[in-house]
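Let me begin by presenting the structure, written as structure tokens, before commenting on it.
Quantities reported herein were computed from a predicted structural model and do not represent experimental measurements.
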Amino acid sequence: TYKMRHFDIIHCIDENYAPQCGVTITSICLNHMDVDITFHIMFANLSNSTKHKLVKQAESYGKSVKLYQIDIKELDNSPLGGGKELPIAAYFRLLATDYLPKDIHRALYLDVDIVVCKSLTDFYNTDLTNWPVAGVYDISTLDEAPSKRLDYDFKLGYINSGIMLINVDYWRKNNIKQKCLDFLEAYRDKLMFHDQDVLNGSLAGSIKIMPLEYNVQKHFYDPGFEKNMPANFTQNFNDTLNKPAIIHFTESEKPWSTYSTHPMCKQWWYYAKRSLWKRSFPILPKNANLQMKLRWLLIHLGFPIQSISLHR
């Protein structure tokens, strides 16, 4: 079968997440030297210097960038106080298909707390006939709370919206964006996980479930985790963990902060050090204590301590 050698990739960011976006772009480019890629970067506000740097990052690998300023009026209903605090940029993925050029038929949406570690060609070319979106189960798929909260059948599962292959044609033809915005309005008081709740609730039953290797989340590394997941998803679970296609640094502890217990931290730093933002990391948390500040200084001076845990 013919495989597309062109990827359209969507990132939705704000100024704070531009450095991480640079790292994600670097990881994608280094694993797809022979693929033509356009990065579609969506934002409400970005400084000119950041825009130039993102373009330069992609162009250094022969890839291109398109920038889109999102009109956030459509998101007036987004309950940004609810559940977990999240930047408004998280909701931009619901609007993305409106902004993409008309000749784009599919696109891969990626959060920027991820690194790509191998070719995504098979994933990108997944058959999406009659599917609006394809994604990977979230840890919450094991919990009945989301389906109860969002009024759909628990058996349909719950995906993580940080990595989604989008059937752009289907979204436009079936006005999925409006469906999502209507759901957002109807359920705004029940949303815990923002855009992820909206996508799972409004598209329940029409999401193609993909292998776990395409969105390996922090909890997947918990001892015995695979026993919880349906067996057909965990056949090569050691490979999924040790040779993932996409590592997603879910949860609040991130590899770019001054400590992280994530077993795949080193992979993130591998790409960070090859990006134009190599001097931006680690990022010191606002509430950093003296021990964190010391670690921050040592990492900046070049000591290889990001793999040493603070959690004894």
Item to complete: With Val23 as reference, evaluate Tyr270, Trp268, Trp269 under the side-chain contact (heavy atoms from CB on, under 4.5 Å) test and give the passing residue.
Response: Trp268
Fill in: Sub-4.5 Å side-chain heavy-atom contact between Thr26 and Lys278
no
Worksheet item: Nearest 0.5 Å, what's the CZ-CD1 distance between Phe92 and Ile72?
Response: 6.0 Å
Practice prompt. Measure from the ring center of His262 to the ring center of Tyr221 and say whether it is less than 6.0 Å.
Written response: yes
Worksheet item: Looking at Thr126 and Arg106, what are the two nearest heavy atoms and their distance?
Response: O-NH1, 2.8 Å
Worksheet item: Any donor-acceptor pair under 3.5 Å linking the side chain of Asn174 with the backbone of Ile176?
Response: no
Item to complete: Answer whether the closest heavy-atom distance between the side chains of Pro146 and Asn200 falls below 4.5 Å.
Response: no
Worksheet entry | CD1 on Ile70 to SG on Cys12, rounded to 0.5 Å | 6.5 Å
Worksheet item: Between the side chain of Ser27 and the main-chain N/O of Val115, is any donor-acceptor distance below 3.5 Å?
Response: no
Worksheet item: Which distance, rounded to the nearest 0.5 Å, do you find between the OG of Ser60 and the CG of Leu276?
Response: 6.0 Å
Discussion item. Evaluate Arg5 against Asp34 for salt bridge (charged side-chain N to carboxylate O under 4.0 Å, His left out), listing each step before the verdict.
Written reply: CA-CA 8 Å; Arg5 303 308 288 162; Asp34 58 340; 2.7 Å; yes
Worksheet item: Under the 3.5 angstrom rule, does the side chain of Thr97 hit a backbone N or O of Val168 as a donor-acceptor pair?
Response: no
Discussion item. Is there a side-chain contact (heavy atoms from CB on, under 4.5 Å) between His11 and Tyr17? Walk through the geometry before answering.
Written reply: CA-CA 10 Å; His11 298 304; Tyr17 264 85; over 6 Å; no
Worksheet item: Hey, does the side chain of Lys254 reach the backbone of Glu251 with a donor-acceptor pair shorter than 3.5 angstrom?
Response: yes
Item to complete: Calculate, to the nearest 0.5 Å, the distance between atoms OG1 and CH2 belonging to Thr129 and Trp131 respectively.
Response: 10.5 Å
Worksheet item: Mind checking whether Cys117 and Ile247 have side chains closer than 4.5 Å, heavy atoms only?
Response: yes
Discussion item. Would you say that Val65 contacts Lys51 through its side chain, given a criterion of any heavy-atom pair below 4.5 Å between the two side chains?
Written reply: no
Discussion item. How long is the straight-line distance from CG of Leu46 back to NZ of Lys53, given to the nearest 0.5 Å?
Written reply: 13.0 Å
Practice prompt. Could you grab the distance from atom NE2 of His32 to atom CD1 of Ile9, nearest 0.5 Å is fine?
Written response: 7.0 Å
Fill in: Met192 reachable from Phe154 in the ILVMFWY side-chain graph, under 4.5 Å edges
no
Worksheet item: Which residue, Asp189, Asp197, Asp143, forms the salt bridge (charged side-chain N to carboxylate O under 4.0 Å, His left out) with Arg149?
Response: Asp197
Worksheet item: Would a distance-only check, ignoring hydrogens and angles, find a side-chain to backbone donor-acceptor pair under 3.5 Å from Tyr271 to Gly22?
Response: no
Worksheet item: If you count the non-hydrogen atoms of other residues, nucleotides and ligands that lie under 6.0 Å from NZ in Lys118, is the total more than 12?
Response: yes
Fill in: Any donor-acceptor pair under 3.5 Å from Lys179 side chain to Leu203 backbone
no
Response to the item:
What one should report as the nearest heavy-atom pair of Lys63 and Phe39 is CB-CE1, 3.9 Å
Item to complete: Look at the rings of Trp256 and Phe281 and say which category their plane angle falls in: under 30° parallel, 30 to 60° tilted, over 60° perpendicular.
Response: tilted
Worksheet item: Closest heavy-atom contact between Ile139 and Gln217?
Response: N-OE1, 3.6 Å
Response to the item:
Only one of Phe233, Phe225, Phe220, Tyr214 passes ring-ring contact (aromatic ring centres under 6.0 Å, His included) with Tyr137, and that residue is Phe233
Fill in: pair Ile207-Met164: side-chain heavy atoms closer than 4.5 Å
no
Worksheet item: Quick check: does any side chain N or O of Asn160 sit under 3.5 Å from a backbone N or O of Val136, one acting as donor and the other as acceptor?
Response: no
Fill in: Asn31 side-chain N/O to Val116 backbone N/O, donor-acceptor pair under 3.5 Å
yes
Discussion item. Let me check something: do Met33 and Ile28 share a hydrophobic cluster, defined by ILVMFWY side-chain heavy atoms less than 4.5 Å apart, either directly or through other members?
Written reply: yes
Worksheet, complete the sentence: In short, Pro132 meets Ser206 closest at the heavy-atom pair CD-O, 3.0 Å
Item to complete: Go through the steps to decide whether Leu150 and Leu191 satisfy the test side-chain contact (heavy atoms from CB on, under 4.5 Å), and finish with yes or no.
Response: CA-CA 8 Å; Leu150 306 171; Leu191 300 179; 4.1 Å; yes
Practice prompt. Going by the side-chain hydrogen bond (donor to acceptor under 3.5 Å, both in side chains) test, name the single residue among Asp195, Asp138, Asn215 that passes it with Ser161.
Written response: Asp195
Practice prompt. Give a yes or no on whether the backbone of Leu128 and the side-chain of Asn167 come within a donor-acceptor separation of less than 3.5 Å.
Written response: yes
Worksheet item: Side chains of Gln196 and Tyr158: closer than 4.5 Å at any heavy-atom pair?
Response: yes
Worksheet item: When you look at His40 and Tyr68, which way does the ring-ring contact (aromatic ring centres under 6.0 Å, His included) test go after all the steps?
Response: CA-CA 7 Å; His40 302 269; Tyr68 307 81; 5.7 Å; yes
Item to complete: Could you check if a side-chain atom of Ile163 sits within less than 4.5 angstrom of a side-chain atom of Phe123, using non-hydrogen atoms only?
Response: yes
Worksheet item: What do the steps show when you test Asp111 against Arg93 for salt bridge (charged side-chain N to carboxylate O under 4.0 Å, His left out), and what is the final call?
Response: CA-CA 10 Å; Asp111 274 354; Arg93 71 198 82 181; 3.4 Å; yes
Worksheet item: Okay, side chain of Glu15, backbone of Ser47: is any donor-acceptor separation there less than 3.5 Å?
Response: yes
Practice prompt. Verify the neighbour count for atom CG of Asp151: are there more than 12 heavy atoms of other residues, nucleotides or ligands below 6.0 Å?
Written response: yes
Worksheet, complete the sentence: Note: Ala107 and Tyr124 closest approach over all heavy atoms is CA-OH, 3.9 Å
Discussion item. To check you understand the geometry: which heavy-atom pair defines the closest contact between Met264 and Asn242, and what is its length?
Written reply: CE-O, 3.8 Å
Worksheet item: Do Asp98 and Trp171 come within less than 4.5 Å of each other through their side chains, counting heavy atoms only?
Response: no
Worksheet item: Do Lys218 and Phe249 pass the side-chain contact (heavy atoms from CB on, under 4.5 Å) test, and can you show the C-alpha distance, the side-chain angles, and the key distance before you say yes or no?
Response: CA-CA 6 Å; Lys218 172 100 188 283; Phe249 295 92; over 6 Å; no
Discussion item. Side chain to side chain donor-acceptor pair (under 3.5 Å) for Asp182 and Gln178? Distances and angles first, verdict last.
Written reply: CA-CA 6 Å; Asp182 292 346; Gln178 197 51 50; 3.0 Å; yes
Worksheet item: Checking side-chain contact (heavy atoms from CB on, under 4.5 Å) for the pair Leu142/His219: CA distance, chi angles, key distance, verdict?
Response: CA-CA 12 Å; Leu142 307 173; His219 284 296; over 6 Å; no
